[in-house]
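What follows is a single structure, written as structure tokens, with notes after it.
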Amino acid sequence: MADITISHLVKTYPGGTERATDDVSLDIADGDFTVLLGPSGCGKTTLLRMLAGLELPDSGSIAVGGKDVTYLPPNKRNMSMVFQSYAVFPHRKVRYNIGFGLSMAKKPKEEIDRKVAWAADLLQLGPYLDRLPAQLSGGQRQRVAVARAIVMDADVLLMDEPLSNLDALLRLNFRSELKKIVKDLKTTTVYVTHDQSEALSLGDRVAVMRKGQIAQLGDPLDVYDAPADRFVGGFIGSPPMNFIKAAVSGDGGALIVGDQRLRAPSLLQSYSSTDVLLGVRAENVAVDTQRSSGDVPGTVLVVEPMGSSILLTVEVEGQTIKVQAPPTFRTSPGATIWLTFSPNSMRFYDSETAMALVAR
Amino acid sequence: MTTTQTKPLAPQPEVDTAPLKRLRRDRALLQAACIVISLFMLVPIYLISLAALSTRESLNDFPLSLLPTNLSFETLGAFLGSTGILGAFGNSLIVGIGTLLISALIGIPAGYALARFAFPAKEPYQLFLLFTRALPIVVLSVPLARLFLTVDLYDTTYAVILLHTALALPTTILISASVFLSVPIDVEEAARVFGCTPAGAFLKVVMPMALPGLAAASIFTFVMSWNEVLGASILTLDHRTLPAQVLTSLADSPLAYRFAGGFALVIPSIIFIAFMRRYLTNMWGSTIR
Ligand SMILES: Nc1ncnc2c1ncn2[C@@H]1O[C@H](COP(=O)(O)OP(=O)(O)O)[C@@H](O)[C@H]1O
Ligand SMILES: [Mg+2]
């Protein structure tokens, strides 16, 4: 167990023109579960592999537990890792696979046996210890990979999209199981995923990455609730956050969306007469078939029943947004409905830089 | 299902079996072709074995019996007992195994490097590897014979081993490179993360996974060495390998001797292939069927 300090890490692959990680700095506290989240190709795996020592940075440094490990070979780092492709050893039994790291560390046989039994029990692999990986299902193979990683007492546990090769139901089950296992383990964990729901559900902290840089770092709920920029809001959440072009009135007291005027929060006092982007999540828009004060009219374009809710695509003042309505709400394409934006859940972004506005 | 039962079935068009018949006919023709080709290969081997295991007299019988009616080891025994044959047999084994070991020792690391690393002039290197095979063996052997004469290696099994290694290396390197390419790199990386040195990861994880493919490469090497005649004849006088020995004495020997020689040449490589086949198939539950 140890904390991690990543500072100014730059990596460009040979032959590549863009930086795979572009001056990334990140502090991870001892025992924290940090998720690196971002679209494919944003440099998550590269960052993780540099932590593991499988890739060397061009510049910058990595320290684990106060000791520099930037250029240390992987076998000297006392880390363990779960690979996206499982990467179990196909020529050896499950038992050997799980105990591999311990036997490489020349631990006594009783200790290996005890820990293998413990991990196998935890991951429900007991009946399969004497099988070869080829005789297991994909989900079981990934369990072997996780068991192999958790027996290690490593300083840091690294996981690169460990659930992405599993089918949807299995992924959901294993996700909560994994969360419990890692929580009990109390090992510092860095987890890579491109799946925002996985990131929100697992992480103590989420680092949203974009083009080799960290766009936002924070609590999962903070990142979801108050995205630092348009990219983060659009990437996190399903459906993504709505962004509506709006303007602040000359006195700063009203928000103008098309022909409609909404009451502006005090934050916008200092942004009078500027164009802004209004960010609002689908579930923070209330819908009604009747008009009441402060409502904005919209035309329903698409109705998608999702089971627990109904997802509406609505045109408001020439802009298309997604709105989440209760399952009892009845409407049909072409109908006019009335939308209410709750003031506390509105977020505002600069119309040019797409960064969140701050009070000034 | 219950709702469809109440509905009357739509009239079905009649089943057209013509495509099925065509499929069956094509399969039968394919089978026949396989049998003909197999016979073309197997009958000569059978006839040689039969002749080698028959008495000398029965070879002159007419009509020749095609069934093993009077088996005898007399011919074979005479062949094996004739001067130089047992020694040549031993030389062949030494050369075959020596070639196998040295070409594996050099070729497997080279193949690994080709598979895993990017290095300058990688493409030209691969092409250059094949150049040795582009030169006829005679062209290679004569200068080699001179060279070996000056360094006192002429007429030794080492000389032949060196020549055969040179001949086998291109295939050993290229086959093992493609074998290593098929070993996933993240399995190797997992071994590194879990505490292996590069050499440890190679020996504990990569090699066992590559073994079936490497066995195939070694079959190639051994059989090539066992069957190579020309170079072996040029580089040796008294330490001939079996095919070289048989070849030199073939012209002035009785018919029975030739059959026994042919038999003795075929059998060991068949045994070797049968033995290595075990490594080719049925590895870690993923049998090639
Ligand atoms: N081995 C490699 N060689 C060259 N470029 C690479 C290599 N691996 C990744 N890249 C590039 O680096 C960038 C980041 O990749 P990666 O870290 O794998 O992204 P992610 O895991 O977030 O999908 C991508 O543009 C990718 O094309
Ligand atoms: Mg990745």
Side-chain angles (χ1 to χ4, degrees), chain A residues 13-15 45 48-49 51-55 72-94 96-107 130-136 141 144-145 147-154 156-161, chain B residues 108 112-123 125 176 178-218 276-289:
Chain A
Y13 282 101
T45 297
L48 196 78
R49 288 171 59 83
L51 274 171
L54 296 171
E55 223 54 84
L72 221 54
N75 50 321
K76 299 256 166 72
R77 294 194 179 203
N78 193 25
M79 295 188 181
S80 65
M81 185 160 173
V82 180
F83 292 78
Q84 177 174 4
S85 56
Y86 318 140
V88 295
F89 307 124
H91 61 298
R92 290 303 198 115
K93 301 251 169 77
V94 169
Y96 177 90
N97 264 285
I98 299 179
F100 184 82
L102 294 173
S103 56
M104 288 306 109
K106 303 215 162 48
K107 291 281 192 300
D130 289 308
R131 289 209 196 165
L132 289 167
Q135 299 162 315
L136 300 180
R141 266 178 246 181
V144 174
R148 177 176 67 180
I150 62 170
V151 294
M152 285 295 286
D153 279 332
V156 178
L157 179 57
L158 306 171
M159 303 199 207
D160 190 358
E161 314 223 8
Chain B
I108 290 176
Y112 182 79
L114 271 184
R116 283 288 193 261
F117 305 124
F119 51 86
K122 185 166 163 174
E123 299 294 315
Y125 172 71
S176 44
S178 63
V179 168
F180 287 126
L181 273 180
S182 72
V183 175
I185 196 154
D186 41 9
V187 174
E188 195 177 342
E189 287 173 347
R192 295 280 283 123
V193 169
F194 288 102
C196 283
T197 59
F202 180 77
L203 289 176
K204 287 209 168 58
V205 172
V206 181
M207 267 304 268
M209 290 177 69
L211 216 53
L214 297 180
S218 76
M276 293 310 277
R277 214 188 86 93
R278 290 202 353 233
Y279 293 94
L280 273 181
T281 57
N282 201 6
M283 294 294 288
W284 2 291
S286 56
T287 316
I288 306 164
R289 274 182 274 244

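Chain A is the first sequence line, chain B the second, and so forth, proteins listed ahead of strands; every chain is numbered from 1.
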Is A:His91 reaching over with its side chain to a backbone N or O of B:Ala210, donor-acceptor style, under 3.5 angstrom? no

Highest number of heavy-atom pairs under 4.5 Å with chain B among A:Pro14, A:Ala52, A:Pro73, A:Gly101 belongs to A:Gly101

So, the part of A:Val88 with a heavy atom under 4.5 Å from chain B: the answer is backbone

B:Lys122 atom NZ: more than 12 heavy-atom contacts under 6.0 Å:
yes

Closest non-hydrogen contact found for A:Phe100 with B:Cys196 is CZ-SG, 3.5 Å

For B:Ala190 and A:Ala87, the nearest pair of non-hydrogen atoms, with its separation, is CB-O, 3.8 Å

So, the part of A:Ala145 with a heavy atom under 4.5 Å from chain B: the answer is neither

Closest non-hydrogen contact found for A:Ser80 with B:Val193 is CA-CG1, 3.9 Å

Whatever's closer than 4.5 Å to a heavy atom in chain A on B:Ala191 counts as both

All heavy atoms of B:Arg192 vs all of A:Pro74, minimum pair found to be NH2-CD, 3.5 Å

Margin query: For a 4.5 angstrom cut-off between non-hydrogen side-chain atoms, does A:Met81 reach B:Glu189?
Written below: no

Of the listed A:Arg148, A:Lys93, A:Met79, the one with the largest count of heavy-atom pairs under 4.5 Å with chain B is A:Arg148

